2 protein chains.
Amino acid sequence: MEPGDSTKQARAAAQLRKGVLEYCVLALMRDRPRYGVELLQALEASGALATSQGTVYPLLSRLRRDDLVTTTWQESASGPPRRYYALTDSGRAALEEFTRIWPGFRDAVDAFLTTPPPTTGDLA
Amino acid sequence: MEPGDSTKQARAAAQLRKGVLEYCVLALMRDRPRYGVELLQALEASGALATSQGTVYPLLSRLRRDDLVTTTWQESASGPPRRYYALTDSGRAALEEFTRIWPGFRDAVDAFLTTPPPTTGDLA
DNA sequence: CCTGGTTCCATGCGATGCAAGATACCTGGT
DNA sequence: ACCAGGTATCTTGCATCGCATGGAACCAGG
């Protein structure tokens with residue numbers, strides 16, 4: 001997918017990411033702190049959720065503003081220092097809450113997309 | 001869920017609907033034309049995608065503006081006339097396109113939420 | 001006439017992803 | 001010492017979308 005791609009598919013995928021990206025980023029911090037570029041690479045590797053710095057850094061700022069993550073600076077062996085993001089208790093709670101409501105949402109969309117069984121044709 | 005509910009769960013669900021609602025509405029028109037209130041009731045019945053008129057009617061206006069649906073007025077036995085929305089060829093193509101990219105997106109989110117195996121710990 | 005149910009629509013706000021650009025640190029070659 | 005390239009962070013302005021709120025029109029019954 002080249003940059004500047006304005007196909008319908010690209011636009012649909014962009015809208016799909018809304019609201020989900022936040023929780024996928026939180027999920028990435030579940031096991032250990034991560035820094036910005038690391039998160040970016042993990043999303044890129046997933047394929048469907050690949051995004052850009054212009055999306056991730058404002059998102060990380062919001063997470064910090066809302067006390068869902070805390071950050072610590074850490075030196076890097078090769079490059080400028082990195083800001084590591086770690087989940088707070090609130091962040092972990094938000095992630096668990098999303099994990100609870102996601103299956104219901106996912107299954108509802110699946111139900112709409114898979115042809116609902118009009119077994120009898122029309123019975124009305 | 002009362003109106004004016006500003007819990008985290010409600011906000012997360014609201015953001016989830018972005019971009020998905022459009023295609024679920026298109027999916028509802030796949031077998032036959034539907035009118036506004038009928039779509040609203042079908043979404044309400046799904047549970048996870050329940051929404052309001054203030055969401056559905058602007059959405060339908062966008063679909064019509066983008067030539068994804070056409071509309072025809074039809075008399076009702078009980079009440080004012082109804083505007084029925086039907087898929088155009090473009091609308092059907094958009095629905096099929098979304099149906100293609102949805103599984104990849106869904107599975108990617110599932111992968112993030114279910115603990116990814118950090119088998120090696122850190123190898124860097 | 002007037003109340004209630006049904007159906008349609010418009011306006012303004014808040015939240016979010018994105019492209020583009022800016023800044024700073026470190027390493028290596030000349 | 002100097003400069004180019006990669007790494008890493010962040011800001012700004014824009015477009016899109018869900019939603020609360022409110023309004024308008026039609027029909028039936030008292």
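Small disclaimer: the values here were computed from a predicted structure and weren't measured. Chain letters run A, B, ... following the sequence lines, proteins first, then strands; residues in each count from 1.
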Sub-4.5 Å side-chain heavy-atom contact between [X] and [Y]:
| X | Y | answer |
| --- | --- | --- |
| Val25(A) | Val69(A) | no |
| Leu49(B) | Val109(A) | yes |
| Leu95(A) | Leu113(B) | yes |

**Request:** Could you tell me whether Thr51(A) contacts a base, only the sugar-phosphate backbone, or nothing, with contacts defined as non-hydrogen atoms closer than 4.0 Å?
**Result:** sugar-phosphate
Considering only heavy side-chain atoms of Glu75(A), the closest of dT7(D), dC19(D), dC26(C) is dC26(C)
Taking dA8(D), dC19(D), dA25(D) as options, the one with an atom nearest any side-chain atom of Pro80(A) is dA8(D)
Tell me if a side-chain donor or acceptor on [X] pairs with a main-chain N or O of [Y] at a distance below 3.5 Å.
| X | Y | value |
| --- | --- | --- |
| Arg106(A) | Asp107(B) | no |
| Arg30(B) | Leu87(B) | no |
| Arg64(B) | Thr71(B) | no |
| Ser46(B) | Ala108(A) | no |

To the nearest Å, give me how far apart [atom1] ([X]) and [atom2] ([N]) are.
| X | N | atom1 | atom2 | result |
| --- | --- | --- | --- | --- |
| Asp66(B) | dC17(D) | CG | C1' | 13 Å |
| Gln41(B) | dC8(C) | CD | P | 10 Å |
| Leu39(B) | dC8(C) | CG | P | 9 Å |
| Leu63(B) | dC9(C) | CG | P | 12 Å |
| Arg82(B) | dG5(C) | CZ | P | 17 Å |
| Glu44(A) | dG17(C) | CD | P | 16 Å |
| Arg34(A) | dT7(D) | CZ | C1' | 18 Å |

Sorted by position of nearest nucleotide on DNA chain C, 5' first, the leading residue of Ala50(A) and Glu38(B) is Glu38(B)
Between Ala77(A) and Glu22(A), the residue closer to the 5' end of DNA chain C by nearest nucleotide is Glu22(A)
Nucleotide N/O to protein N/O under 3.5 Å, stretch nucleotides 10-16 of chain D:
from	atom 1	to	atom 2	distance (Å)
dC10(D)	OP1	Arg83(A)	NE	2.4
dC10(D)	OP1	Arg83(A)	NH2	2.5
dC10(D)	OP2	Tyr85(A)	OH	2.8
dT16(D)	O2	Lys18(A)	NZ	3.0

Check this one for me: any side-chain N or O of [X] less than 4.0 Å away from OP1 or OP2 of [N]?
| X | N | value |
| --- | --- | --- |
| Ser52(A) | dA19(C) | yes |
| Arg17(A) | dG17(C) | no |
| Tyr35(B) | dC8(C) | no |

